[in-house]
Amino acid sequence: MTLPNHEVYALRYATVARRRSQNFITPPDPHDGPMPMDYFVWVIRHDKRVWLVDTGFNEAAAQARGREFLRCPIDALHTLGIAPADIQDVIVTHLHYDHAGNIRKLPRARLHLQESELHYACGCNMRFDMLRHAYAVEDVVDVVRGVYDKRVAFYHGHDKIAPGLQLLHIGGHTQGLQAVRVHTARGWVVLASDASHYYDNMGLDAPFPIVLNVADMLAGYDTLLKFADSPDHIVPGHDPLVRVRYPAVVQGNAEIVALHQAPLRNAESGTNCAPASSESG
(Lines give C-alpha, C1' and ligand atoms only; values in the text may rest on other atoms or scores of the structure.)
Protein backbone atom coordinates (compact mmCIF):
# COMPACT_ATOMS: atom_id res chain seq x y z
CA MET A 1 0.00 0.00 0.00
CA THR A 2 1.32 3.41 -0.95
CA LEU A 3 1.12 5.73 2.04
CA PRO A 4 -0.11 9.31 1.58
CA ASN A 5 2.43 12.11 1.93
CA HIS A 6 0.94 14.52 4.43
CA GLU A 7 1.77 18.18 4.81
CA VAL A 8 2.68 19.04 8.40
CA TYR A 9 2.89 22.53 9.88
CA ALA A 10 3.86 24.00 13.25
CA LEU A 11 1.98 27.18 14.16
CA ARG A 12 3.32 29.31 17.02
CA TYR A 13 0.67 31.10 19.05
CA ALA A 14 2.44 32.17 22.28
CA THR A 15 5.82 32.41 23.97
CA VAL A 16 7.38 32.99 27.38
CA ALA A 17 10.82 33.97 28.64
CA ARG A 18 12.61 31.23 30.60
CA ARG A 19 16.11 30.32 31.62
CA ARG A 20 17.95 27.17 30.64
CA SER A 21 18.02 25.93 34.24
CA GLN A 22 14.21 25.85 34.26
CA ASN A 23 14.01 23.38 31.39
CA PHE A 24 16.06 20.41 32.63
CA ILE A 25 16.30 18.04 35.57
CA THR A 26 20.04 18.52 35.97
CA PRO A 27 22.46 20.05 38.49
CA PRO A 28 22.69 23.86 38.44
CA ASP A 29 24.27 25.13 35.23
CA PRO A 30 27.05 27.70 35.84
CA HIS A 31 26.49 28.90 32.28
CA ASP A 32 22.75 29.38 32.74
CA GLY A 33 21.20 31.77 30.24
CA PRO A 34 17.98 32.62 28.40
CA MET A 35 16.08 29.70 26.87
CA PRO A 36 12.57 30.84 25.96
CA MET A 37 9.64 28.51 25.37
CA ASP A 38 7.36 28.69 22.35
CA TYR A 39 3.85 27.28 22.22
CA PHE A 40 2.62 25.51 19.09
CA VAL A 41 -0.29 23.69 17.58
CA TRP A 42 0.31 21.45 14.58
CA VAL A 43 -1.66 20.88 11.38
CA ILE A 44 -1.59 17.66 9.35
CA ARG A 45 -3.19 17.85 5.92
CA HIS A 46 -3.64 15.55 2.94
CA ASP A 47 -5.99 16.59 0.14
CA LYS A 48 -9.15 17.79 1.90
CA ARG A 49 -8.54 15.89 5.15
CA VAL A 50 -7.24 18.07 7.96
CA TRP A 51 -6.10 16.93 11.39
CA LEU A 52 -5.34 19.46 14.12
CA VAL A 53 -2.86 18.35 16.77
CA ASP A 54 -3.68 20.16 20.04
CA THR A 55 -5.71 23.32 20.47
CA GLY A 56 -3.54 25.69 22.54
CA PHE A 57 -4.82 28.17 25.09
CA ASN A 58 -6.67 31.49 24.91
CA GLU A 59 -5.77 35.04 25.91
CA ALA A 60 -7.33 34.76 29.36
CA ALA A 61 -5.20 31.71 30.15
CA ALA A 62 -2.11 33.52 28.87
CA GLN A 63 -2.75 36.46 31.18
CA ALA A 64 -3.42 34.20 34.16
CA ARG A 65 -0.16 32.29 33.62
CA GLY A 66 2.07 35.14 32.48
CA ARG A 67 2.51 34.02 28.86
CA GLU A 68 2.85 36.32 25.87
CA PHE A 69 -0.19 35.60 23.70
CA LEU A 70 0.51 36.20 20.02
CA ARG A 71 -2.65 34.97 18.33
CA CYS A 72 -5.59 32.61 18.74
CA PRO A 73 -4.29 29.31 17.34
CA ILE A 74 -7.71 28.34 16.01
CA ASP A 75 -8.33 31.66 14.24
CA ALA A 76 -4.77 31.64 12.88
CA LEU A 77 -5.50 28.51 10.84
CA HIS A 78 -6.86 30.82 8.15
CA THR A 79 -3.25 31.52 7.13
CA LEU A 80 -3.22 27.95 5.82
CA GLY A 81 -6.60 28.39 4.18
CA ILE A 82 -8.31 26.37 6.93
CA ALA A 83 -11.56 27.42 8.60
CA PRO A 84 -12.45 26.03 12.05
CA ALA A 85 -15.40 24.25 10.44
CA ASP A 86 -12.90 22.31 8.31
CA ILE A 87 -11.47 20.65 11.43
CA GLN A 88 -13.25 17.35 11.92
CA ASP A 89 -10.51 15.62 13.94
CA VAL A 90 -8.31 16.87 16.78
CA ILE A 91 -5.50 14.76 18.19
CA VAL A 92 -5.04 15.81 21.82
CA THR A 93 -1.52 14.84 22.85
CA HIS A 94 -2.39 15.40 26.52
CA LEU A 95 -4.70 17.58 28.59
CA HIS A 96 -2.35 20.27 29.91
CA TYR A 97 -3.76 23.78 29.55
CA ASP A 98 -1.47 24.70 26.64
CA HIS A 99 -2.53 21.69 24.58
CA ALA A 100 -6.24 21.28 25.31
CA GLY A 101 -7.80 24.75 25.51
CA ASN A 102 -10.10 26.25 22.88
CA ILE A 103 -12.03 23.01 22.41
CA ARG A 104 -15.27 24.99 22.54
CA LYS A 105 -14.19 26.68 19.31
CA LEU A 106 -14.40 23.28 17.59
CA PRO A 107 -17.78 21.94 18.74
CA ARG A 108 -18.11 19.39 15.93
CA ALA A 109 -14.57 18.01 15.95
CA ARG A 110 -13.86 14.47 17.09
CA LEU A 111 -11.16 14.29 19.78
CA HIS A 112 -8.53 11.53 19.73
CA LEU A 113 -7.10 10.88 23.20
CA GLN A 114 -5.43 8.18 25.25
CA GLU A 115 -8.00 6.96 27.78
CA SER A 116 -5.32 6.89 30.48
CA GLU A 117 -4.85 10.66 30.09
CA LEU A 118 -8.46 11.43 30.94
CA HIS A 119 -8.34 9.01 33.88
CA TYR A 120 -5.22 10.80 35.14
CA ALA A 121 -6.69 14.29 34.70
CA CYS A 122 -9.83 13.30 36.61
CA GLY A 123 -8.20 11.04 39.19
CA CYS A 124 -6.76 11.22 42.65
CA ASN A 125 -3.42 12.71 41.59
CA MET A 126 -5.16 16.01 40.85
CA ARG A 127 -5.27 16.55 44.63
CA PHE A 128 -1.60 17.51 44.46
CA ASP A 129 -0.70 21.04 43.44
CA MET A 130 2.46 20.12 41.53
CA LEU A 131 0.62 17.56 39.38
CA ARG A 132 -2.54 19.63 38.93
CA HIS A 133 -0.84 22.93 38.13
CA ALA A 134 -0.52 22.39 34.37
CA TYR A 135 -4.16 21.38 33.99
CA ALA A 136 -7.13 23.74 33.68
CA VAL A 137 -10.28 22.21 35.08
CA GLU A 138 -12.60 23.82 32.51
CA ASP A 139 -10.55 22.36 29.66
CA VAL A 140 -10.82 18.90 31.20
CA VAL A 141 -14.56 19.38 31.74
CA ASP A 142 -14.94 20.32 28.06
CA VAL A 143 -13.41 16.97 27.12
CA VAL A 144 -15.74 15.17 29.54
CA ARG A 145 -18.65 16.92 27.85
CA GLY A 146 -17.26 15.63 24.57
CA VAL A 147 -17.38 12.10 25.97
CA TYR A 148 -21.06 12.54 26.79
CA ASP A 149 -21.62 13.94 23.30
CA LYS A 150 -20.01 10.78 21.84
CA ARG A 151 -17.25 12.68 20.05
CA VAL A 152 -14.16 11.38 21.85
CA ALA A 153 -12.23 8.43 20.41
CA PHE A 154 -10.17 6.66 23.07
CA TYR A 155 -6.92 4.74 22.54
CA HIS A 156 -4.93 2.32 24.67
CA GLY A 157 -1.33 2.57 23.53
CA HIS A 158 0.20 2.89 20.06
CA ASP A 159 -2.43 2.87 17.33
CA LYS A 160 -2.92 3.60 13.65
CA ILE A 161 -5.74 6.09 13.09
CA ALA A 162 -5.45 6.65 9.32
CA PRO A 163 -3.11 5.62 6.51
CA GLY A 164 0.25 7.25 7.27
CA LEU A 165 -0.90 8.55 10.67
CA GLN A 166 -0.16 6.87 14.00
CA LEU A 167 -0.39 7.62 17.70
CA LEU A 168 2.51 6.73 19.99
CA HIS A 169 1.72 6.40 23.69
CA ILE A 170 4.78 7.79 25.49
CA GLY A 171 3.71 8.71 29.02
CA GLY A 172 6.33 10.19 31.34
CA HIS A 173 5.31 13.83 31.21
CA THR A 174 1.74 12.78 31.97
CA GLN A 175 0.14 9.37 32.19
CA GLY A 176 -1.45 9.45 28.75
CA LEU A 177 0.90 11.65 26.74
CA GLN A 178 0.96 10.65 23.08
CA ALA A 179 3.18 11.70 20.20
CA VAL A 180 2.09 11.64 16.55
CA ARG A 181 3.86 9.80 13.75
CA VAL A 182 2.99 11.08 10.29
CA HIS A 183 4.17 10.02 6.84
CA THR A 184 5.42 12.86 4.63
CA ALA A 185 7.31 13.28 1.37
CA ARG A 186 10.57 13.25 3.39
CA GLY A 187 9.63 10.17 5.38
CA TRP A 188 8.18 9.50 8.83
CA VAL A 189 8.06 12.63 10.98
CA VAL A 190 7.28 12.37 14.70
CA LEU A 191 5.62 15.29 16.49
CA ALA A 192 6.99 14.72 19.97
CA SER A 193 4.75 17.21 21.76
CA ASP A 194 5.90 17.20 25.39
CA ALA A 195 7.70 13.86 25.14
CA SER A 196 10.60 16.25 24.47
CA HIS A 197 9.98 19.95 25.00
CA TYR A 198 13.34 20.94 23.50
CA TYR A 199 15.86 19.26 21.23
CA ASP A 200 18.23 19.18 24.19
CA ASN A 201 15.85 17.32 26.51
CA MET A 202 16.18 14.27 24.30
CA GLY A 203 19.67 14.99 22.98
CA LEU A 204 21.20 15.30 26.44
CA ASP A 205 18.97 12.75 28.24
CA ALA A 206 17.93 15.65 30.46
CA PRO A 207 14.16 15.48 31.12
CA PHE A 208 11.92 18.50 31.49
CA PRO A 209 11.02 19.16 35.16
CA ILE A 210 7.24 18.77 34.81
CA VAL A 211 7.09 14.98 34.86
CA LEU A 212 5.01 12.19 36.33
CA ASN A 213 7.52 9.39 35.72
CA VAL A 214 11.15 10.19 34.88
CA ALA A 215 11.94 6.63 33.75
CA ASP A 216 9.03 6.65 31.30
CA MET A 217 10.11 10.03 29.96
CA LEU A 218 13.66 8.78 29.35
CA ALA A 219 12.35 5.60 27.70
CA GLY A 220 10.13 7.81 25.57
CA TYR A 221 13.19 9.31 23.88
CA ASP A 222 14.02 5.83 22.56
CA THR A 223 10.45 5.45 21.32
CA LEU A 224 10.65 8.73 19.41
CA LEU A 225 13.89 7.62 17.75
CA LYS A 226 12.48 4.20 16.92
CA PHE A 227 9.50 5.56 15.02
CA ALA A 228 11.13 8.53 13.27
CA ASP A 229 13.23 8.09 10.13
CA SER A 230 16.10 9.96 11.80
CA PRO A 231 16.69 12.39 14.68
CA ASP A 232 16.06 15.19 12.16
CA HIS A 233 12.53 13.82 11.74
CA ILE A 234 11.65 14.43 15.41
CA VAL A 235 9.99 17.77 16.19
CA PRO A 236 10.05 18.83 19.86
CA GLY A 237 7.01 20.43 21.38
CA HIS A 238 8.22 23.86 22.55
CA ASP A 239 11.64 24.64 21.10
CA PRO A 240 12.02 28.02 19.33
CA LEU A 241 14.69 26.38 17.17
CA VAL A 242 11.89 24.64 15.26
CA ARG A 243 11.17 28.01 13.65
CA VAL A 244 14.83 28.32 12.67
CA ARG A 245 15.29 24.83 11.29
CA TYR A 246 12.25 24.63 9.01
CA PRO A 247 11.11 26.82 6.11
CA ALA A 248 8.48 29.46 6.77
CA VAL A 249 5.14 29.20 5.01
CA VAL A 250 5.10 32.96 4.51
CA GLN A 251 8.48 34.28 3.45
CA GLY A 252 10.08 36.36 6.18
CA ASN A 253 7.52 35.25 8.79
CA ALA A 254 8.47 32.14 10.75
CA GLU A 255 5.25 31.94 12.76
CA ILE A 256 4.17 28.92 10.68
CA VAL A 257 6.80 26.51 9.38
CA ALA A 258 6.56 23.47 7.12
CA LEU A 259 7.75 20.30 8.86
CA HIS A 260 7.18 18.05 5.85
CA GLN A 261 10.01 19.87 4.09
CA ALA A 262 13.65 19.12 4.81
CA PRO A 263 15.34 21.16 7.54
CA LEU A 264 17.19 24.20 6.25
CA ARG A 265 20.85 23.48 5.56
CA ASN A 266 21.97 26.82 6.94
CA ALA A 267 19.75 26.58 10.01
CA GLU A 268 21.27 27.57 13.32
CA SER A 269 22.26 24.47 15.27
CA GLY A 270 22.81 26.07 18.67
CA THR A 271 20.88 24.85 21.69
CA ASN A 272 20.56 27.96 23.81
CA CYS A 273 19.13 30.58 21.51
CA ALA A 274 15.92 31.58 19.85
CA PRO A 275 14.99 33.19 16.54
CA ALA A 276 13.95 36.79 16.45
CA SER A 277 10.20 37.17 16.34
CA SER A 278 8.91 38.20 12.96
CA GLU A 279 6.20 40.34 14.54
CA SER A 280 5.58 42.00 17.84
CA GLY A 281 2.56 39.92 18.74
Side-chain angles (χ1 to χ4, degrees), residues 3-15 38-59 62 67-93 98-112 161-167 179-193 233-264 267 275-281:
L3 294 174
N5 291 329
H6 295 84
E7 299 172 0
V8 190
Y9 302 95
L11 187 159
R12 184 175 77 142
Y13 69 92
T15 191
D38 279 350
Y39 296 85
F40 297 94
V41 299
W42 300 271
V43 173
I44 300 171
R45 180 165 63 185
H46 181 256
D47 292 334
K48 295 183 179 180
R49 186 71 182 270
V50 177
W51 298 75
L52 180 64
V53 180
D54 290 341
T55 53
F57 54 75
N58 59 25
E59 188 168 11
R67 274 50 176 169
E68 181 183 354
F69 191 69
L70 303 174
R71 58 192 57 81
C72 172
I74 307 304
D75 295 343
L77 295 173
H78 71 84
T79 305
L80 293 170
I82 299 171
D86 297 332
I87 304 297
Q88 298 181 5
D89 293 278
V90 175
I91 298 170
V92 183
T93 64
D98 53 322
H99 296 262
N102 294 312
I103 286 175
R104 295 180 188 181
K105 286 181 170 285
L106 302 165
R108 292 182 290 181
R110 187 168 183 80
L111 309 178
H112 300 262
I161 58 175
L165 191 59
Q166 300 175 5
L167 303 177
V180 183
R181 186 185 192 222
V182 53
H183 192 266
T184 72
R186 72 181 183 103
W188 285 102
V189 170
V190 173
L191 302 176
S193 183
H233 288 74
I234 299 172
V235 181
H238 289 274
D239 201 323
L241 287 173
V242 169
R243 298 191 301 117
V244 172
R245 295 186 177 186
Y246 290 94
V249 170
V250 178
Q251 187 173 5
N253 183 335
E255 300 305 292
I256 304 179
V257 294
L259 307 175
H260 55 282
Q261 297 183 26
L264 299 170
S277 175
S278 58
E279 58 186 81
S280 64

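What you see below is based on every heavy atom in this structure, not just the backbone, and it leaves out hydrogens, waters and symmetry mates.
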*Asks:* Contact between Ile74 and Leu52 at the side-chain level, heavy atoms closer than 4.5 Å - yes or no?
*Replies:* yes
*Asks:* If you look at every heavy atom in Asn102 and Pro73, which pair is closest and at what distance?
*Replies:* ND2-CG, 3.6 Å
*Asks:* Quick one: pull up CD in Glu7 and CD1 in Ile44 and give me the separation to the nearest 0.5 Å.
*Replies:* 11.5 Å
*Asks:* Report yes if the side chains of Pro84 and Leu77 come closer than 4.5 Å at any heavy-atom pair, otherwise no.
*Replies:* no
*Asks:* Does any donor atom in the side chain of His260 or Asn5 lie under 3.5 Å from an acceptor atom in the other side chain?
*Replies:* no
*Asks:* What class does the angle between the rings of Phe69 and Phe57 fall in, given that below 30° is parallel, 30 to 60° is tilted and above 60° is perpendicular?
*Replies:* tilted
*Asks:* Return the minimal non-hydrogen interatomic distance between Leu3 and Gly164, and the atom names on each side.
*Replies:* CD2-N, 3.7 Å
*Asks:* Are the side chains of Val242 and Asp38 in contact, using a 4.5 Å heavy-atom criterion?
*Replies:* no
*Asks:* Can you check whether Gly101's main-chain N or O pairs, donor with acceptor, with Asn58's side chain at less than 3.5 Å?
*Replies:* no
*Asks:* Quick one, Leu80 and Arg45 - any side-chain contact, counting heavy atoms below 4.5 Å?
*Replies:* yes
*Asks:* Is the shortest side-chain heavy-atom distance between Asp98 and His238 below 4.5 Å?
*Replies:* yes
*Asks:* What heavy-atom pair brings Pro247 and Ala262 nearest, and what distance separates the two atoms?
*Replies:* CD-O, 3.9 Å
*Asks:* side-chain contact (heavy atoms from CB on, under 4.5 Å) for Thr93 and Leu191? Distances and angles first, verdict last.
*Replies:* CA-CA 10 Å; Thr93 64; Leu191 302 176; over 6 Å; no
*Asks:* Indicate the atoms forming the closest heavy-atom contact of Val41 with Thr55, along with that distance.
*Replies:* CG1-C, 3.8 Å
*Asks:* Run through Val182, Val180, Leu259 and flag the one making a side-chain contact (heavy atoms from CB on, under 4.5 Å) with Trp42.
*Replies:* Leu259
*Asks:* With side-chain contact (heavy atoms from CB on, under 4.5 Å) as the criterion, how do Lys105 and Asp75 come out once you've worked through the C-alpha distance, each side chain's angles and the decisive distance to 0.1 Å?
*Replies:* CA-CA 9 Å; Lys105 286 181 170 285; Asp75 295 343; 4.0 Å; yes
*Asks:* State the CZ-CD distance between Arg110 and Gln88, to the nearest 0.5 angstrom.
*Replies:* 11.5 Å
*Asks:* Could you tell me which residues satisfy side-chain contact (heavy atoms from CB on, under 4.5 Å) with Ala83, sequence neighbours excluded, listed by chain and number?
*Replies:* Asp86
*Asks:* Would you give the length of the straight line joining atom OH of Tyr246 to atom CG of Leu241, rounded to the nearest 0.5 angstrom?
*Replies:* 11.0 Å
*Asks:* Can you name the closest pair of heavy atoms from Ala254 and Val257 and give their distance?
*Replies:* O-CG1, 3.8 Å
*Asks:* Keeping the roles fixed (side chain from Arg186, backbone from Gln261), state whether a donor-acceptor pair exists under 3.5 Å.
*Replies:* yes
*Asks:* Could you please spell out the steps behind the ring-ring contact (aromatic ring centres under 6.0 Å, His included) verdict for Trp51 and His112?
*Replies:* CA-CA 10 Å; Trp51 298 75; His112 300 262; 5.2 Å; yes
*Asks:* Supply the atom-to-atom distance Arg181 CZ to Ile234 CD1, rounded to the nearest 0.5 angstrom.
*Replies:* 11.0 Å
*Asks:* Examine distances only and state if a side-chain atom of Arg71 and a backbone atom of Arg12 form a donor-acceptor pair shorter than 3.5 Å.
*Replies:* yes
*Asks:* On a heavy-atom basis, which atom in His99 and which in Ser193 lie closest, and how many Å separate them?
*Replies:* CE1-OG, 3.5 Å
*Asks:* Flag the pair Leu11 / Val43 as yes when at least one side-chain heavy-atom distance between them is below 4.5 Å, and no otherwise.
*Replies:* no
*Asks:* Flag the pair His46 / Pro163 as yes when at least one side-chain heavy-atom distance between them is below 4.5 Å, and no otherwise.
*Replies:* no
*Asks:* Using the ring of each side chain (for Trp, its six-membered ring), is Tyr39 parallel, tilted or perpendicular to Tyr13, with breaks at 30° and 60°?
*Replies:* tilted
*Asks:* Going from CG on Leu165 to CD1 on Ile91, what distance comes out if it is rounded to the nearest 0.5 angstrom?
*Replies:* 4.5 Å
*Asks:* So do Val92 and Asp54 actually touch side chain to side chain, heavy atoms under 4.5 Å?
*Replies:* yes
*Asks:* Does the side-chain contact (heavy atoms from CB on, under 4.5 Å) test come out yes or no for Arg49 and Asp89, once each step is laid out?
*Replies:* CA-CA 9 Å; Arg49 186 71 182 270; Asp89 293 278; 2.9 Å; yes
